[in-house]
Amino acid sequence: MNQETATPEARLEDFFRNFSVRLSPTPRGARLARLLAAEQLRSWGLPVDPARQVVAELAANAVTHGRVPGRDFRLTMYVIADTLRVEVTDTCGDLPPHLQLPSDDAESGRGLALVEALADRWGWGPGLRPRKTVWAEMALEQGPRDSSVPGLRDPSSGATSGPLTSGFHEVSCPRLDQKREKCS
């Protein structure tokens, strides 16, 4: 084997990482999802935020809107090349997520709007009946190879990731986009 081609920087675990856990559909389970996600991201040497907030919102939605007594939800995170993907699967597939802007005085209803703002892309897809999976993708910054902590790429850079969304629905919200333009 040629020693020049077998570099330690080109390890498979640098390009593909996976974490998955089943949790109870309770507020405690949602909190644990956020804490476990943050710890896993730290162990991978990746920045914790904004992924921690995305996990918190998706897990809270699974517990609030996708809860079926006696059935857990699953948190899955993986990194392929330069994309972090967060998936939350619940057992209420008959209620697809929909993004709506709450009134200014509403106490809840901002979760998916936060996911829309923090993630590069998000969407959902049906699973085996009665499941559905809501996912969000965040691009990781392409830095120097010896960088120990890569950051998140600026979403305005136009970077996308295509192959991770096969079979899923990507969601956009024209009202939120219009509201963003007014704020700019």
Side-chain angles (χ1 to χ4, degrees), residues 16-44 46-80 83-103 106-140 152 155 160-177:
F16 182 80
R17 301 173 192 147
N18 186 346
F19 172 78
S20 187
V21 62
R22 283 179 42 190
L23 299 160
S24 65
T26 62
R28 183 177 183 185
R31 179 179 179 271
L32 191 55
R34 178 178 50 85
L35 294 172
L36 290 171
E39 189 56 38
Q40 187 63 50
L41 291 166
R42 282 187 197 99
S43 77
W44 287 340
L46 297 174
V48 172
D49 289 313
R52 173 175 45 189
Q53 186 65 37
V54 169
V55 168
E57 297 302 333
L58 294 181
N61 283 350
V63 167
T64 304
H65 306 292
R67 180 174 191 220
V68 175
R71 295 187 182 164
D72 296 341
F73 74 94
R74 177 175 298 280
L75 165 66
T76 303
M77 296 189 318
Y78 50 93
V79 176
I80 297 179
T83 301
L84 169 65
R85 183 173 173 117
V86 173
E87 296 180 351
V88 174
T89 302
D90 64 45
T91 55
C92 200
D94 57 335
L95 292 175
H98 61 281
L99 183 62
Q100 60 187 23
L101 293 177
S103 64
E107 293 184 17
S108 64
R110 293 174 178 79
L112 289 178
L114 285 171
V115 171
E116 170 83 12
L118 295 172
D120 293 325
R121 300 162 36 124
W122 77 277
W124 72 279
L128 292 175
R129 190 158 167 64
R131 295 174 188 85
K132 75 171 175 296
T133 299
V134 182
W135 57 267
E137 293 179 354
M138 290 151 280
L140 301 171
L152 291 174
T160 61
S161 57
L164 299 181
T165 59
S166 177
F168 289 96
H169 307 280
E170 189 164 351
V171 178
S172 65
C173 180
R175 282 185 50 211
L176 186 59
D177 293 338

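Just the heavy atoms: all of them, side chains too, but no hydrogens, waters or symmetry mates, feed the values below. Just so we're clear, the structure is a prediction, and the values are computed from it rather than from any experiment.
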Heavy atoms, side chains only, cut-off 4.5 Å: are [X] and [Y] in contact?
X: Pro25; Y: Arg71; result: no
X: Leu118; Y: Met138; result: no
X: Val88; Y: Thr76; result: no
X: Val55; Y: Leu75; result: yes

Other residues, nucleotides, ligands: >12 heavy atoms within 6.0 Å of Arg74 CZ: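 Yes, CZ of Arg74 has more than 12 neighbouring heavy atoms, counting only those of other groups under 6.0 Å.
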How long is the span from the [atom1] atom in [X] to the [atom2] atom in [Y], to the nearest 0.5 Å?
X: Glu57; Y: Leu114; atom1: CD; atom2: CG; value: 5.0 Å
X: Leu41; Y: Arg17; atom1: CG; atom2: CZ; value: 10.0 Å
X: Arg52; Y: Arg34; atom1: CZ; atom2: CZ; value: 7.0 Å
X: Trp135; Y: Trp122; atom1: CH2; atom2: CH2; value: 9.0 Å
X: Leu128; Y: Thr133; atom1: CG; atom2: OG1; value: 9.5 Å
X: Gln40; Y: Asn18; atom1: CD; atom2: CG; value: 9.0 Å

Closest heavy-atom pair and its distance - [X], [Y]:
X: Ala136; Y: Val54; result: CB-CG1, 3.7 Å
X: Leu23; Y: Ala33; result: CD1-CB, 3.4 Å
X: Thr91; Y: Asp72; result: CG2-O, 3.8 Å
X: Ala51; Y: Leu84; result: CB-CD2, 3.6 Å
X: Ala139; Y: Asp120; result: N-OD2, 2.6 Å
X: Phe73; Y: Gly29; result: CZ-O, 3.7 Å

From CA spacing to verdict: side chain to side chain contact (heavy atoms under 4.5 Å, CB included), Leu58, Val86: CA-CA 9 Å; Leu58 294 181; Val86 173; 4.2 Å; yes
